[in-house]
Amino acid sequence: MDSYPFLGDTTSNQALLFSPAFGEASTSNPTYPNYTLPAANLSFPQGPSSPPNFTLIIVPTSSSSLASVPRTACAMSSVRAADVLHEGPAESEGLWLKDQAGWRWQWLVNGLTPATNYTVYAMQDNSKVSSPINFVTKSASFDCPIVHSLPFCPSISYAVPIQGPSLPASAHDTTTLPEEFYSPLLEVLTNFTVSLTTFPCGRDMYSPIVGCADCQQAYRRWLCAIWFPRCSEAAPDSGDSTQKPLSALQAQAPSATPRSPSLPPFPSGYNALLPCLETCTAVDRACPISLGFKCPIPRFTAKASYGVGYIDTGEEGDEGGGLTGTAQDRWGNVWCNLG
């Protein structure tokens, strides 16, 4: 299988993981004169009626439990060792449409060991095995809980500097996230959509390749990435002498005023993983110029609030050619927050 599982994020003892994408989202583009954009509080589309079954196989990278096991579905599914986890659909959080790549199964895996490297395989229908991805759990002192499964911000799947949910929940979703944390976001997105639809969407063209629906979608992703800051940590020293790009981390003092106006100050200090500048430039490129949306200039002010030069070069107007070419890779490196 050519596709990979996908890492949302980790805490000290959890990982939010996704299966490879499958089944494109069924979306209908609005047309003039009934050009209607999705509401701020999205109604989530119905998932595929017969999705493929995926099982994740998770093992500490240092473990020898899979060392001599052929990378076939038959062989790997039969492994029963104390340090090998098998997470199937029954253990999942269900299907999730994180982005335009398509539907995925989603797992919140608990009981992991702090500061430990793990390897993950995805097995489809007990017949095909993916290539692996890797991730490392955070240190034992990491305090931020994971936030996921927000229909209005479907791409949010990472640790956020807020108080954790009450037990028995171990991560936040719409059932535990306080409404006052996100209701102002819905107001902002609603007001933006009203402004956007003052343009004659579907009748007049401001671009040959994008329209108002693309603009709203890009703005939603940017707004969610800004509204919900991402907690992270510096990557542990691997002992590798090869120089690697450093993640776009910004230290936050205990009880500092948060970037998001609706979130309370977080009592512990933490490192914020800054949004990728490309979340902002995607809005600039997708929206009518009449909206006046502008991003900070890469060469001067952008680095104060964005990760710059990872995906794109950081030169104004350039696309691609950045240090890493991506926000994160299959080896567990995450350089900036793509939302």
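- Here the side chain of Arg220 pairs a donor or acceptor atom with the backbone of Phe152 at under 3.5 angstrom.
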Side chain to side chain donor-acceptor pair (under 3.5 Å) evaluation trace for Asp83 with Ser65: CA-CA 8 Å; Asp83 60 354; Ser65 296; 2.7 Å; yes
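- The distance from atom CG of Asp143 to atom NZ of Lys138, rounded to the nearest 0.5 Å, is 12.5 Å.
- With a 4.5 Å cut-off on side-chain heavy atoms, Trp335 and Asp329 count as touching.
- The closest donor-acceptor contact from the side chain of Tyr206 to the backbone of Ala286 lies under 3.5 Å.
- Ring planes of Phe266 and Tyr270: perpendicular class, angle over 60° (limits at 30 and 60°).
- Screening Ile162, Asp9, Leu16 for a side chain to side chain contact (heavy atoms under 4.5 Å, CB included) with Val147, the sole residue that qualifies is Ile162.
- Aromatic ring centroids of Trp222 and Phe293 lie under 6.0 Å apart.
- Note: Phe54 and Phe22 have parallel aromatic rings, judged against thresholds of 30 and 60 degrees for the angle between ring planes.
- For the 3.5 Å distance criterion, the side chains of Arg71 and Tyr121 qualify, holding a donor opposite an acceptor.
- Met123 and Tyr4 fall into different hydrophobic clusters, where Ile, Leu, Val, Met, Phe, Trp and Tyr are joined by side-chain heavy atoms under 4.5 Å apart, directly or via other members.
- Contact annotation: the side chain of Tyr182 approaches that of Glu179 to within less than 4.5 Å [non-hydrogen atoms, C-beta and beyond].
- With no hydrogens or angles considered, a side-chain donor-acceptor pair links Ser139 and Ser141 at under 3.5 Å.
- A donor-acceptor contact shorter than 3.5 Å links the side chain of Tyr310 to the backbone of Ala248.
- One distance of note links OG of Ser12 with CD of Glu233; it measures 8.5 Å at 0.5 Å rounding.
- Remark: of the listed residues His172, Glu93, Gln106, Gln106 is the sole one forming a side chain to side chain donor-acceptor pair (under 3.5 Å) with Ser149.
- For the pair Ser127 (side chain) and Gln124 (backbone), a donor-acceptor distance under 3.5 Å is present.
- Between the side chain of Thr55 and the main chain of Gly88, no donor-acceptor pair closer than 3.5 Å is present.
- Checked by atom type, the side-chain pair Ser262/Glu180 shows no donor-acceptor distance below 3.5 Å.
- Residues Thr10 and Thr137 bring no donor and acceptor atom of their side chains to less than 3.5 Å of each other.
- Neither side chain, Asn271 nor Ser232, offers a donor N or O lying under 3.5 Å from an acceptor on the other.
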